[in-house]
*Asks:* 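For reference, the structure I am asking about is given below.
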Amino acid sequence: MREIVIRGAEVVVTMDGARRELKGADVLVRGGVIAAVGEGLGSAGEVVSARGCVVTPGLVNTHHHLYQSLTRAVPGGQDALLFGWLTTLYPIWAKMGPEEIRVSALTGLAELALSGCTLTSDHLYLFPNGARLEDTIAAAGEIGLRFHPTRGAMSIGESAGGLPPDSLVEREEAILNDCIRVIDAFHDPRPGAMVRVGVAPCSPFSVSRGLMRDAALLARDKGVMLHTHLAENDEDIAYSLAQFGCRPGQYAEDLGWTGDDVWHAHCVKLDTAEIDLFARSRTGVAHCPCSNCRLGSGIAPVRAMRDAGVRVGLGVDGSASNDAGNLIGEARQAMLLQRVQNGADAMSVREALEIATLGGAQVLGRDDCGSLAPGQRADIAVWDVSGLEAAGAWDPVAALLLAGPPRVRHLFVEGRQVVRDGRLTTIDLPRVIEEQTRLARALAG
């Protein structure tokens, strides 16, 4: 059984039950699982030096639209609110196909890996020109990240009063049947799973109440998780009040979309009653601070959520609305926004780092990830704090968010090294970037 010891870290941030930080410690990995964390650990296997480094659990991304990495900085969408941004981009996305979905996923996943992410979800809710969910699953297999793709959908097009063009919507029966297909083909419920599949109708303004209800019933029958967008901005709230006669939290509860098997993206505009509902029902939230800033959606009440006991993780969201996919940068932004809203002591570095690791794993239902402790999966990020960004830092853990670096030195997923010395080991990244550039130019055409 293959062993690796990550030796002599400046600090190992365990995120274990006691939130221990161990100076000068090692992490022993055996067969994809953490065997021990402590000082002076011996191994006959590979030794990876962590001198001058902070070692953390791999970061967890709870919301993404990987296909959007082909549409960064699109004119017409750069200064728009959510609904205007969507209507600008829908016609572009409608021109994509399987190759675009796969290559954009490779690019987005590579960016996440280099920023310390070992586990990511993805919300793919459009399938133009023969694209399928497995196009993204194949990309995650190439990169080597742990993956939680969700089979999204849109069923109400412009002709029926929805936002998306009719060419991007699907029949609801076909949506549910394909959810069953991909769950049966790819979902792995076992501990240590590299792929788990979720069910994820896009949003209350692009699917029917019937599909939301049926999707929840299907997901629970199959034992998989549920995901959608909720309460993202003021337009979202107004739509819910006008169309459904209630706020988004009530809409979600009425249709079976609360519980510990559900997580909602954004939740910028949750009120006190909705926060209490999510806390009582153990409903999770994917907080996407950079995207919320980019689209002018507002600052999510993360402090109030956390204080109430809501499970919160981080999401980079799509690269058409961020436009980056740097998860350690997202953790910094989350911390800063809570301080802007609530004061300089509103969120510490260590709390933001917890949300980015353990918090995200809890939102995705992964009690086998998110911390460095014996028996946990060996998803590990090694950050070099001996360079320029952190030079002069007194607290190397705080330096990760207050100073840098923005990229990992090494990254391990299930004990396999995905990033070594700041470079991906699993794909030819320059070649992927060439393909990405070619496809983006063709879309801009």
*Asks:* Got a second to check how far Asp135's CG is from Ile101's CD1, nearest 0.5 Å?
*Replies:*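 Between Asp135 CG and Ile101 CD1, I get 7.0 Å after rounding to 0.5 Å.
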*Asks:* Determine whether the side chains of Ser208 and Glu172 contain a donor N or O and an acceptor N or O closer than 3.5 Å.
*Replies:*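 Glu172 and Ser208 do have a side-chain donor-acceptor pair below 3.5 Å.
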*Asks:* When you measure from the side chain of Thr62 to the backbone of Leu314, do you find a donor-acceptor pair of N or O atoms at a distance under 3.5 Å?
*Replies:*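 Present.
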*Asks:* Please step through salt bridge (Lys or Arg N to Asp or Glu O under 4.0 Å) for the pair Lys222 and Asp184, ending with a clear verdict.
*Replies:* CA-CA 9 Å; Lys222 289 290 189 179; Asp184 289 348; 2.7 Å; yes
*Asks:* Side-chain donor-acceptor pair under 3.5 Å between Glu330 and Asn322, yes or no?
*Replies:*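 The answer is yes; a qualifying pair exists.
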*Asks:* By salt bridge (Lys or Arg N to Asp or Glu O under 4.0 Å), which residues pair with Asp379, not counting sequence neighbours?
*Replies:*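 Counting only residues at least two positions away or on another chain, Asp379 forms a salt bridge (Lys or Arg N to Asp or Glu O under 4.0 Å) with Arg146.
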*Asks:* Under the side-chain contact (heavy atoms from CB on, under 4.5 Å) test against Pro164, which residue among Val169, Val207, Leu126 passes?
*Replies:*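 One option only clears the test, and that one is Val169.
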*Asks:* Out of curiosity, Leu124 CG to Gln68 CD, how far, rounded to the nearest 0.5 Å?
*Replies:*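 Here the rounded value is 10.0 Å.
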*Asks:* What's the separation between atom CD1 in Ile4 and atom CD1 in Ile34, rounded to the nearest 0.5 Å?
*Replies:*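 That separation rounds to 11.5 Å.
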*Asks:* Could you list the residues that satisfy side chain to side chain contact (heavy atoms under 4.5 Å, CB included) with Glu100, not counting sequence neighbours?
*Replies:*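 Scan of Glu100 (side chain to side chain contact (heavy atoms under 4.5 Å, CB included), adjacent residues dropped) gives Leu70, Met96, Leu439.
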*Asks:* Taking side-chain hydrogen bond (donor to acceptor under 3.5 Å, both in side chains) as the test, write out the residues that go with Glu134, two or more places apart.
*Replies:*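 By the side-chain hydrogen bond (donor to acceptor under 3.5 Å, both in side chains) rule, Glu134 matches Arg132, Arg181.
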*Asks:* The criterion is side-chain hydrogen bond (donor to acceptor under 3.5 Å, both in side chains); which residues satisfy it with His229, sequence neighbours excluded?
*Replies:*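 In terms of side-chain hydrogen bond (donor to acceptor under 3.5 Å, both in side chains), with neighbours along the sequence ignored, His229 is linked to His63, His65.
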*Asks:* Going through the checks in order, is the side-chain hydrogen bond (donor to acceptor under 3.5 Å, both in side chains) test met by Thr71 and Trp93?
*Replies:* CA-CA 8 Å; Thr71 51; Trp93 296 335; 3.1 Å; yes
*Asks:* Under 3.5 Å, is there a donor-acceptor pair between the Asn292 and Ser297 side chains?
*Replies:*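 No, because no side-chain N or O of Asn292 sits under 3.5 Å from a partner of the opposite role on Ser297.
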*Asks:* What distance do Thr258 atom OG1 and Asp254 atom CG have between them, rounded to the nearest 0.5 Å?
*Replies:*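 Taking OG1 in Thr258 and CG in Asp254, the distance rounds to 9.5 Å.
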*Asks:* Nearest 0.5 Å, please: how far is CG in Leu327 from OG in Ser115?
*Replies:*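 If I round to the nearest 0.5 Å, the distance is 5.0 Å.
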*Asks:* I need the minimum non-hydrogen distance between Leu226 and Ala215, along with the two atoms involved.
*Replies:*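 Looks like CD2-O, 3.7 Å.
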*Asks:* For the pair Arg294 and Asp323, evaluate salt bridge (Lys or Arg N to Asp or Glu O under 4.0 Å) and give the outcome as yes or no after the intermediate values.
*Replies:* CA-CA 8 Å; Arg294 161 77 149 75; Asp323 289 30; 2.8 Å; yes
*Asks:* Are any non-hydrogen side-chain atoms of Pro149 and Phe186 less than 4.5 angstrom apart?
*Replies:*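 No. Closest side-chain heavy atoms not under 4.5 Å.
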*Asks:* Of all the heavy-atom pairs spanning Tyr239 and Gly161, show the shortest one and how long it is.
*Replies:*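 So the minimum-distance heavy-atom pair works out to OH-O, 4.2 Å.
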*Asks:* When you measure from the centre of the six-membered ring of Phe127, is the NZ or CZ of Arg151 under 6.0 Å away and within 45° of the axis?
*Replies:*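 Here Arg151 passes the 6.0 Å and 45° test against Phe127.
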*Asks:* Please determine whether side chain to side chain contact (heavy atoms under 4.5 Å, CB included) holds for the pair Glu354 and Arg306, giving the CA-CA distance in whole Å, both sets of side-chain angles, and the decisive distance to 0.1 Å.
*Replies:* CA-CA 12 Å; Glu354 178 180 320; Arg306 293 270 299 176; 3.6 Å; yes
*Asks:* For Leu176 and Leu218, which heavy atoms make the closest approach, and how far apart are they?
*Replies:*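 Taking Leu176 first and Leu218 second, the nearest heavy atoms are O-CD1, 3.6 Å.
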*Asks:* Hey, mind stepping through Glu351 and Arg303 against salt bridge (Lys or Arg N to Asp or Glu O under 4.0 Å) and telling me if it holds?
*Replies:* CA-CA 11 Å; Glu351 183 177 12; Arg303 180 71 278 149; 2.8 Å; yes
*Asks:* Let me have the donor-acceptor pairs involving side chains of residues 193-205, under 3.5 Å, with sequence neighbours excluded, atom names and distances please.
*Replies:*
| unit_1 | atom_1 | unit_2 | atom_2 | d |
| --- | --- | --- | --- | --- |
| Arg196 | NE | Asp188 | O | 3.1 |
| Arg196 | NH2 | Pro189 | O | 3.1 |
| Arg196 | NH2 | Arg190 | O | 3.0 |
| Ser203 | OG | Ser206 | OG | 2.9 |

*Asks:* Between Met212 and Trp257, is a side chain to side chain contact (heavy atoms under 4.5 Å, CB included) present by the stated rule, with each step listed?
*Replies:* CA-CA 8 Å; Met212 291 293 287; Trp257 277 75; 3.5 Å; yes
*Asks:* Is there a side-chain contact between Leu411 and Val382 (heavy atoms, below 4.5 Å)?
*Replies:*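 Answer no - side chains too far apart.
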*Asks:* Any side-chain donor-acceptor pair under 3.5 Å between Gln436 and Ser69?
*Replies:*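 There is such a pair between these side chains.
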*Asks:* State, yes or no, whether a side-chain contact exists between Glu435 and Ile433 at a heavy-atom distance under 4.5 Å.
*Replies:*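 No, their side chains stay 4.5 Å or more apart.
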*Asks:* Between Lys269 and Asp236, is the closest basic N to carboxylate O distance under 4.0 Å?
*Replies:*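 Lys269 and Asp236: not salt-bridged.
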*Asks:* Verify the neighbour count for atom CD of Glu173: are there more than 12 heavy atoms of other residues, nucleotides or ligands below 6.0 Å?
*Replies:*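 No, the 6.0 Å shell around CD holds no more than 12 heavy atoms from other groups.
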*Asks:* Kindly indicate, with the supporting measurements, whether the criterion ring-ring contact (aromatic ring centres under 6.0 Å, His included) is fulfilled by His227 and His123.
*Replies:* CA-CA 8 Å; His227 183 52; His123 190 184; 5.2 Å; yes
*Asks:* Looking at side-chain heavy atoms only, is the closest gap between Leu364 and Leu119 below 4.5 Å?
*Replies:*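 They are in contact (side-chain heavy atoms under 4.5 Å apart), so the answer is yes.
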*Asks:* Given side chain to side chain contact (heavy atoms under 4.5 Å, CB included), test Gln333 with Cys293 step by step and report yes or no.
*Replies:* CA-CA 10 Å; Gln333 187 78 351; Cys293 288; 3.5 Å; yes
*Asks:* For the pair Glu99 and Arg438, evaluate salt bridge (Lys or Arg N to Asp or Glu O under 4.0 Å) and give the outcome as yes or no after the intermediate values.
*Replies:* CA-CA 11 Å; Glu99 184 182 17; Arg438 174 180 59 82; 2.8 Å; yes
*Asks:* Got Asp260 and Thr283 here, is their nearest side-chain heavy-atom distance under 4.5 Å?
*Replies:*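 Not in contact.
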*Asks:* Any side-chain heavy atom of Thr107 sitting closer than 4.5 Å to one from Val432?
*Replies:*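 Thr107 reaches Val432 side chain to side chain.
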*Asks:* Kindly state whether the ring of Trp263 and the ring of His148 have centres lying under 6.0 angstrom apart.
*Replies:*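 Yes, they do, as the ring centres are separated by less than 6.0 Å.
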*Asks:* May I ask you to check whether Ser321 and Asp317 show a side-chain donor-acceptor distance below 3.5 Å?
*Replies:*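 A pair is found: one side chain offers a donor N or O, the other an acceptor, under 3.5 Å apart.
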*Asks:* Which heavy atom of Glu111 sits nearest to which heavy atom of Ser319, and what is that distance?
*Replies:*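 That would be OE1-OG, 4.3 Å.
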*Asks:* Give a yes-or-no answer on whether the side chains of Ser371 and Gln376 include a donor-acceptor pair shorter than 3.5 Å.
*Replies:*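 Yes - a donor-acceptor pair under 3.5 Å links their side chains.
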*Asks:* Within a strict 4.5 Å, meaning less than it, do heavy atoms of the Met335 and Leu402 side chains meet?
*Replies:*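 They are in side-chain contact.
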*Asks:* To the nearest 0.5 angstrom, please state how far the OH atom of Tyr67 sits from the CG atom of Asp122.
*Replies:*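 If I round to the nearest 0.5 Å, the distance is 9.0 Å.
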*Asks:* My understanding is that only residues two or more places apart in sequence, or in another chain, count here; which of them pass side chain to side chain contact (heavy atoms under 4.5 Å, CB included) with Ala238?
*Replies:*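 Listed in chain order: nothing, the list is empty.
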*Asks:* Identify the heavy atoms of Ala113 and Val419 that sit nearest to each other, and give their distance.
*Replies:*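 Reported closest heavy-atom pair: O-CG2, 4.0 Å.
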*Asks:* Side chain to side chain contact (heavy atoms under 4.5 Å, CB included) for Tyr90 and Met154? Distances and angles first, verdict last.
*Replies:* CA-CA 12 Å; Tyr90 279 142; Met154 298 189 292; 3.8 Å; yes
*Asks:* Kindly indicate whether the side chain of Glu21, heavy atoms from C-beta on, has any atom under 4.5 Å from the side chain of Thr14.
*Replies:*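 With C-beta onward as the side chain, the pair stays apart.
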*Asks:* State, to 0.1 Å, how close Thr150 and Leu133 come at their nearest heavy-atom pair, and which atoms those are.
*Replies:*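 The pair with the smallest heavy-atom distance is O-CD1, 3.6 Å.
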